[in-house]
Peer 1: 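If you scroll down you'll find the structure; I have some questions about it.
Atom set for the values below is all heavy atoms of this structure, side chains included, hydrogens, waters and symmetry mates excluded.
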Amino acid sequence: MISIPSEQIYQLEKQYRISLINSLVGYKSLNLLGTISKEGITNLCIISSVFHLGANPPLLGLVIRPERAHNDTLNNIKSTGQYTLNNVLPEWYMQAHQTSASYAAGISEFDTCGFQKLYADHFKAPFVKQSTIRIGLELREIIDVELNGTTILIGEIVQILADDAMITDDGTVDHVKAKTMTVAGLDTYFLPQPIGRLAYAKPGIDPHKSA
């Protein structure tokens, strides 16, 4: 068994520590985050920090890395109050990864990395045409985390654009059919594989008989 206590974690080589901590919890959601500035310049970046907060109201949270002088993503969200989350497909994951490069302020990753913009009525922020599940959000709360300088954004889902047949009759999104990719760490990408679906868990119910 490998044992790495706290004091040793801080002594690890920087890149090794970053890779270890980022991949430790396993697979994470993978999305392209689309925004637009007040001047109409679009921005796109890949993120793996989205988490579910509730269904009523429908809220999603995401973590933004420490603010930089030219953090177009955070600046755009603060100024317009809107942003989109778009799933990543296998045929586009290399281009999606490239959006993590530190491009100069004012350069659109949509154009540089080859993604097409898709707009919905009465919604400013661009969606990704090459995605199959697209979510439009409006900013509801900003939480600055003093511990490490990150920012948590809480947004309400106000628009869903899904390709045909991606949502099942009971409302579940079929991410296998949608070809939604996932990520472990910073740069290792996967396609999920379904194992099974179980009924709602209740005390006294044998999970082996609930499927």
Side-chain angles (χ1 to χ4, degrees), residues 6-7 9-88 96-110 112-113 123-128 131 133-160 182-187:
S6 176
E7 61 273 15
I9 292 175
Y10 286 98
Q11 294 171 4
L12 295 171
E13 187 272 328
K14 179 181 178 182
Q15 195 55 50
Y16 182 95
R17 185 176 70 249
I18 290 173
S19 297
L20 174 64
I21 300 304
N22 270 282
S23 61
L24 198 58
V25 298
Y27 306 123
K28 298 177 287 185
S29 66
L30 183 67
N31 292 274
L32 284 165
L33 173 57
T35 64
I36 190 169
S37 70
K38 283 187 174 180
E39 295 73 30
I41 300 173
T42 58
N43 182 267
L44 190 67
C45 66
I46 194 168
I47 60 170
S48 59
S49 61
V50 175
F51 55 95
H52 169 82
L53 272 173
N56 186 26
L59 301 175
L60 295 176
L62 66 90
V63 181
I64 297 287
R65 291 181 297 175
E67 187 168 358
R68 297 169 292 175
H70 68 283
N71 193 329
D72 291 346
T73 298
L74 187 55
N75 291 336
N76 291 349
I77 294 174
K78 286 181 175 179
S79 64
T80 68
Q82 293 185 335
Y83 52 104
T84 71
L85 295 172
N86 309 266
N87 67 339
V88 177
H97 180 80
Q98 185 60 29
T99 66
S100 65
S102 185
Y103 291 102
I107 292 180
S108 174
E109 291 82 2
F110 273 97
T112 302
C113 299
F123 199 82
K124 306 183 194 78
F127 296 87
V128 175
S131 295
I133 304 295
R134 312 168 190 88
I135 307 166
L137 299 107
E138 290 187 349
L139 182 63
R140 293 292 179 258
E141 189 173 346
I142 298 176
I143 302 172
D144 293 319
V145 182
E146 295 183 5
L147 189 63
N148 65 352
T150 56
T151 302
I152 296 176
L153 304 179
I154 299 175
E156 181 175 352
I157 299 171
V158 296
Q159 180 83 51
I160 298 172
T182 184
V183 65
L186 297 172
D187 53 16

Peer 1: Write out all pairs satisfying ring pair (Phe, Tyr, Trp, His ring centres under 6.0 Å) with one or both partners inside residues 21-43, taking only residues at least two apart or from two chains.
Peer 2: Y27-F190

Peer 1: To the nearest 0.5 Å, what is the distance between CG (L186) and OG (S23)?
Peer 2: 8.0 Å

Peer 1: Could you tell me whether a side-chain N or O of S48 sits under 3.5 Å from a main-chain N or O of L30, the two making a donor and an acceptor?
Peer 2: no

Peer 1: Please report the closest heavy-atom contact between I41 and N76, naming both atoms and the distance.
Peer 2: O-ND2, 4.1 Å

Peer 1: Restricting to salt bridge (Lys or Arg N to Asp or Glu O under 4.0 Å), what partner residues turn up for R140, sequence neighbours left out?
Peer 2: E138, E156

Peer 1: I need the S49 OG to L60 CG distance, nearest 0.5 Å.
Peer 2: 11.0 Å

Peer 1: Just by distance, do the side chain of S100 and the backbone of H97 share a donor-acceptor pair under 3.5 Å?
Peer 2: yes

Peer 1: Between V63 and T151, is a side chain to side chain contact (heavy atoms under 4.5 Å, CB included) present by the stated rule, with each step listed?
Peer 2: CA-CA 6 Å; V63 181; T151 302; over 6 Å; no

Peer 1: Rounded to the nearest 0.5 Å, what separates atom CD1 in I64 from atom OG1 in T150?
Peer 2: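 I64 CD1 to T150 OG1: 9.5 Å, rounded to 0.5 Å.
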
Peer 1: If you compare all heavy atoms of A125 against all heavy atoms of G34, which two are closest, and at what distance to 0.1 Å?
Peer 2: CB-O, 4.0 Å

Peer 1: Considering all heavy atoms of both residues, which atom of Y103 and which atom of C113 are nearest to each other, and what is their separation?
Peer 2: OH-SG, 3.9 Å

Peer 1: Does T35 reach the main-chain N or O of Y83 with its side chain, forming a donor-acceptor pair under 3.5 Å?
Peer 2: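 No: the side chain of T35 does not pair with the backbone of Y83.
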
Peer 1: Within a radius of less than 6.0 Å around CD1 of I160, do more than 12 heavy atoms belonging to other residues, nucleotides or ligands occur?
Peer 2: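 Counting neighbours around CD1 of I160, 12 or fewer heavy atoms of other residues, nucleotides or ligands fall under 6.0 Å, so no.
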
Peer 1: Could you check Q15 against I18 for side chain to side chain contact (heavy atoms under 4.5 Å, CB included), going step by step and ending with a plain yes or no?
Peer 2: CA-CA 5 Å; Q15 195 55 50; I18 290 173; 4.2 Å; yes

Peer 1: Hey, does the side chain of T84 reach the backbone of P126 with a donor-acceptor pair shorter than 3.5 angstrom?
Peer 2: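 Confirmed, T84 side chain pairs with P126 backbone.
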
Peer 1: Could you tell me which non-hydrogen atom of K124 sits nearest to which non-hydrogen atom of T80, and how far apart they are?
Peer 2: NZ-O, 3.9 Å

Peer 1: Between the main-chain N or O of L32 and the side-chain N or O of N86, is there a donor-acceptor pair closer than 3.5 Å?
Peer 2: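 Yes, because the side chain of N86 sits within donor-acceptor range (under 3.5 Å) of the backbone of L32.
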
Peer 1: Please report the interatomic distance CD1(I46) to CD(Q98), rounded to the nearest 0.5 Å.
Peer 2: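 Between atom CD1 of I46 and atom CD of Q98 there are 10.5 Å.
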
Peer 1: Show your reasoning for whether side chain to side chain contact (heavy atoms under 4.5 Å, CB included) applies to V128 and R134.
Peer 2: CA-CA 7 Å; V128 175; R134 312 168 190 88; 5.7 Å; no

Peer 1: Mind checking whether L153 and L74 have side chains closer than 4.5 Å, heavy atoms only?
Peer 2: yes

Peer 1: Looking at every non-hydrogen atom in both residues, tell me the closest pair between S108 and T42 and how far apart they are.
Peer 2: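 Heavy atoms of S108 and T42 come nearest at OG-OG1, 2.6 Å.
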
Peer 1: Hey, is the main chain of E109 close enough, under 3.5 Å, to the side chain of N43 for a donor-acceptor pair?
Peer 2: no

Peer 1: With a 3.5 Å distance limit and no angle check, can you tell me whether N31 reaches the backbone of L85 through a side-chain donor-acceptor pair?
Peer 2: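 Not confirmed, N31 side chain does not pair with L85 backbone.
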
Peer 1: When rounded to the nearest 0.5 angstrom, what distance separates CD in Q82 from CD1 in I77?
Peer 2: 11.0 Å

Peer 1: Please give me the minimum heavy-atom distance between F51 and I152, naming the atom from each residue.
Peer 2: CZ-CG2, 4.0 Å

Peer 1: Between the side chain of T182 and the main-chain N/O of K28, is any donor-acceptor distance below 3.5 Å?
Peer 2: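 Checked: pair present.
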
Peer 1: What is the distance from atom OG1 of T99 to atom CG of L33, rounded to the nearest 0.5 Å?
Peer 2: 9.5 Å

